[in-house]
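This is a predicted model, so every value here is computed, not measured. Chain letters run A, B, ... following the sequence lines, proteins first and then strands; every chain starts at 1.
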Amino acid sequence: MVLIDQGRCIGCGICIPYCPRNAIKLDPNLKKAYIVAEECVECGTCARVVMCPRDAIVGVVEGYVREVRAHFSDPYTLHPSTGIPGRGTEEMKTNDVTGRFKRGEVGFAIDIGRPLVGVTFAEISRFIKVLNTVGVMWEKANPILYLLKGGLEMGEFPEELNNVKLHSAVLEFKVPIAKVRDVIEKLKYLAETTDTVFSLGIISRVDDDFTIPVIEVLRELGLEVSPWAKTNVGLGRPLVE
Amino acid sequence: MTHTHHRVGPIESLKKDYVVLVMASRDVKYENEGERFKKVMEVLAKHMPVNLGNMVVGNKYWRDEEEIMMRFREYGNIVHGVYIDQEQVKQVLKDLKAAELGLSVVVTGVYEDVFKMLKELGLKPHTVNLSLGVWGRKERLPPEEVLEITTMCGHCMVSPALVMKLVSEIRKGRLSPASAAVELAKECVCGVFNVKRAEDLLRRIVRSKA
């Protein structure tokens, strides 16, 4: 894990506000900064950005659990299952050439723990089990699913990961548009019962007249759609119509 | 990976914030992918981005800009440019369309404005990822004015504590809002953080807390 070398640290505290998880503390007796291991998600921000006057921040990741945290928290760590950096997959960003999401299908990207609250593997497991009851089509390349033991139906992670905290994790799946209501009902239940937060993205093909079919369904469900969105502009080749 | 998504704030502020992402799918083996991305970076840099990033190297406030422009993987590259004006984005898209590089291009921003630009350029939106915001224990989130800044890094690398520390430094006259925004941008390694919008938001917080 990222460590603060106690021999070098002079306790100036310059590093403390840089941690997005507030995991760097100052020991008032020793007058040294230290990192709370349970809260550190190995995002690497402190090691990258802080101009420590003594170069006391040492970026060393050791052990399976710390490596897993780094894969999901440090944008510069390539995930072994996807070969791309980050928590999720290419999702709709390359849909113009992959055709991952077809007309009549709706994708969901549920970023659990985001923004800034974090999530444990046990909670991710609960989300998977609840969503399994709807019969969703999971994105098999998603790195979080790569860690499951016993398959998607079980939705269980290895015991040693259950209490491990991540900065966030993205669950990705798709359903036919007729099933959107069922998924939203489950998400409302999860929102009411979770101890964390999640940011919700809804993926849809755009019709030739520039309308987005899923918006009408979402509005009927009383959901507010942000004006902010990601648009794949269709410049990829060979194009999937 | 949804790192350019879920930004928050009033519509007037969001309208000054556009991320252009260019990505090579790993399902398509592009010949001379690195050369194609060098061309992309030329286009992104030409139209005066407020931030520029390359997922191999980092962002322009943390790493050398020449390296960002030139160093790529053999396959699976991702780069970003951030803009504050619709006309800049339109020119970027016009140049990328003319270059016929075959790479996937995603524009994140107020989507009705993006659709309007596409129509003017003779392009069609292929797929969208809409934001339905944050669900669950929202009482655990930082204040809204801090989130407007920190959500500009979708990997949530920008620390709320650093935002407040820098606000304090600005109020004491030790730092300008522009310098503070650059300091925050260093945390967002991918380079999708809108430095100019952050500067404006920091000014607003400083005024409101004064």
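Residue contact with chain B, scored on non-hydrogen atoms closer than 4.5 Å, involves the backbone and the side chain of Leu116(A) alike. The part of Val214(A) that comes within reach of chain B is its side chain, from C-beta onward, which places non-hydrogen atoms under 4.5 angstrom from that chain. Contacts of Thr45(A) with chain B are made by side-chain atoms alone, with heavy-atom separations under 4.5 Å and no backbone atom involved. With a 4.5 angstrom heavy-atom cutoff, Leu223(A) touches chain B only via side-chain atoms. Both the backbone and the side chain of Leu187(A) come within less than 4.5 Å of a heavy atom of chain B. Proximity to chain B involves both the backbone and the side chain of Asp96(A), based on heavy atoms less than 4.5 angstrom apart.
With His126(B) as the partner, the side chain to side chain contact (heavy atoms under 4.5 Å, CB included) test is satisfied by one option alone out of Leu239(A), Val206(A), Val233(A): Leu239(A).
A donor-acceptor pair under 3.5 Å links the side-chain atoms of Ser159(B) to the main chain of Pro17(A), judged by distance alone.
No cation-pi contact links Lys124(B) to Phe210(A), judged by a cut-off of 6.0 Å to the six-membered ring centre and 45° from its axis.
Between His167(A) and Cys156(B) there is a side-chain heavy-atom pair separated by less than 4.5 Å.
When all heavy atoms of Tyr18(A) and Glu187(B) are compared, the closest pair comes out as O-OE2, 2.5 Å. Across all their heavy atoms, Ser199(A) and Val134(B) have their closest contact at OG-CG2, 3.9 Å. Between Leu14(B) and Pro227(A), the closest heavy-atom pair is CD1-CG, 4.3 Å. Residue Met157(B) comes nearest to Pro75(A) through the heavy atom pair SD-CD, 3.9 Å, listed as atom of the first residue, atom of the second, then distance. Closest non-hydrogen pair, Val110(B) versus Trp228(A), comes out as N-CE3, 4.1 Å.
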